[in-house]
Amino acid sequence: MAIERTLAIIKPDATRAKNAGKIIDMIEAHGFTIVGMKKMQLTREQAEQFYAVHKARPFFGELTEFMVSGPVIVMALEKENAIAQWRKLMGETNPANAATGTIRKLFGTSIGDNAVHGSDSPETAKFEVSFFFPELK
Ligand code: CMP
């Protein structure tokens with residue numbers, strides 16, 4: 001299995017609830033190496049560009065509004081099979097369907113306020129990591 005990089009975001013609901021430290025702790029406890037990390041307030045333009053793939057979805061406005069509602073923590077994570085492993089640790093998109101012990105089960109409260117984001121494929125990971133960490137080679 002190859003070492004991969006993926007993008008993780010701790011979303012505004014989780015930073016507001018002061019759950020960021022617990023989530024970062026879980027990331028490290030599961031063997032991910034944090035190779036980049038920034039706390040930032042996204043602009044609307046950044047949120048719209050980042051989620052451009054969802055532009056046609058009915059929830060696009062709600063999603064981008066939420067993503068600019070407070071600070072986020074963006075992280076580039078490295079591990080063997082990192083993309084799938086991070087998605088497994090996050091749990092299902094809707095916290096109601098997420099497995100026990102996953103981040104979204106523990107800290108998410110709705111499909112929108114679901115605590116964290118993760119890249120869903122190698123192509124997306126490449127785009128998303130370079131979106132926030134152009135300095136990472
Ligand atoms: P994320 O992994 O960040 O990728 C896209 C996000 O859209 C997803 O997590 C959800 O938080 C959000 N999303 C998906 N479906 C809905 C929905 N029906 N209503 C609001 N937000 C949604």
Side-chain angles (χ1 to χ4, degrees):
M1 211 53 94
I3 296 281
E4 285 178 340
R5 275 188 189 157
T6 191
L7 186 86
I9 305 180
I10 302 180
K11 295 186 178 185
D13 58 325
T15 60
R16 254 193 299 278
K18 309 268 187 227
N19 287 326
K22 285 166 243 168
I23 293 169
I24 293 166
D25 200 19
M26 287 177 74
I27 288 170
E28 293 200 313
H30 282 78
F32 292 90
T33 300
I34 301 170
V35 295
M37 177 157 74
K38 300 176 189 171
K39 184 171 187 178
M40 60 197 295
Q41 171 65 50
L42 295 183
T43 64
R44 192 163 299 270
E45 191 180 25
Q46 279 175 313
E48 288 178 357
Q49 281 174 4
F50 182 78
Y51 278 121
V53 66
H54 296 305
K55 210 177 172 94
R57 305 278 188 101
F59 57 81
F60 185 69
E62 193 184 319
L63 172 62
T64 52
E65 185 73 30
F66 165 64
M67 290 302 288
V68 302
S69 70
V72 296
I73 297 171
V74 296
M75 285 172 282
L77 305 181
E78 207 168 76
K79 192 186 176 183
E80 261 192 23
N81 203 18
I83 298 166
Q85 290 297 308
W86 172 233
R87 292 181 72 76
K88 188 174 172 209
L89 182 58
M90 288 195 298
E92 290 281 320
T93 305
N94 188 342
N97 304 327
T100 304
T102 61
I103 293 172
R104 283 167 168 165
K105 187 65 164 191
L106 287 164
F107 305 117
T109 52
S110 71
I111 193 162
D113 292 18
N114 63 353
V116 282
H117 166 82
S119 312
D120 65 3
S121 70
E123 296 70 36
T124 315
K126 203 170 158 81
F127 165 75
E128 293 186 350
V129 170
S130 64
F131 188 90
F132 287 114
F133 300 98
E135 69 276 20
L136 285 182
K137 288 284 171 272

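Just so you know, ligand 1 is whichever comes first in the structure, and atom 1 is the first atom listed for that ligand. Just so you know, these numbers use all the heavy atoms, side chains as well, and skip hydrogens, waters and symmetry mates. All residue numbers refer to positions in the sequence shown, counting from 1.
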Ordered by chain then number, the protein residues lying under 4.0 Å from ligand 1 by heavy atom are K11, Y51, H54, F59, E62, L63, T93, R104, I111, G112, N114, H117

Relative to each other, are the rings of F132 and F50 parallel, tilted or perpendicular (30° and 60° limits)? tilted

Are I24 and I10 side-chain neighbours, meaning at least one heavy-atom pair lies under 4.5 Å? yes

Enter the distance from [X]:[atom1] to [Y]:[atom2] here, rounded to the nearest 0.5 Å.
X	Y	atom1	atom2	result
M40	I73	CE	CD1	11.5 Å
I27	L89	CD1	CG	7.0 Å
F107	K22	CZ	NZ	5.5 Å

Test question: given the 4.5 Å side-chain rule for I, L, V, M, F, W and Y, name all other residues clustered with V53, or answer none. none

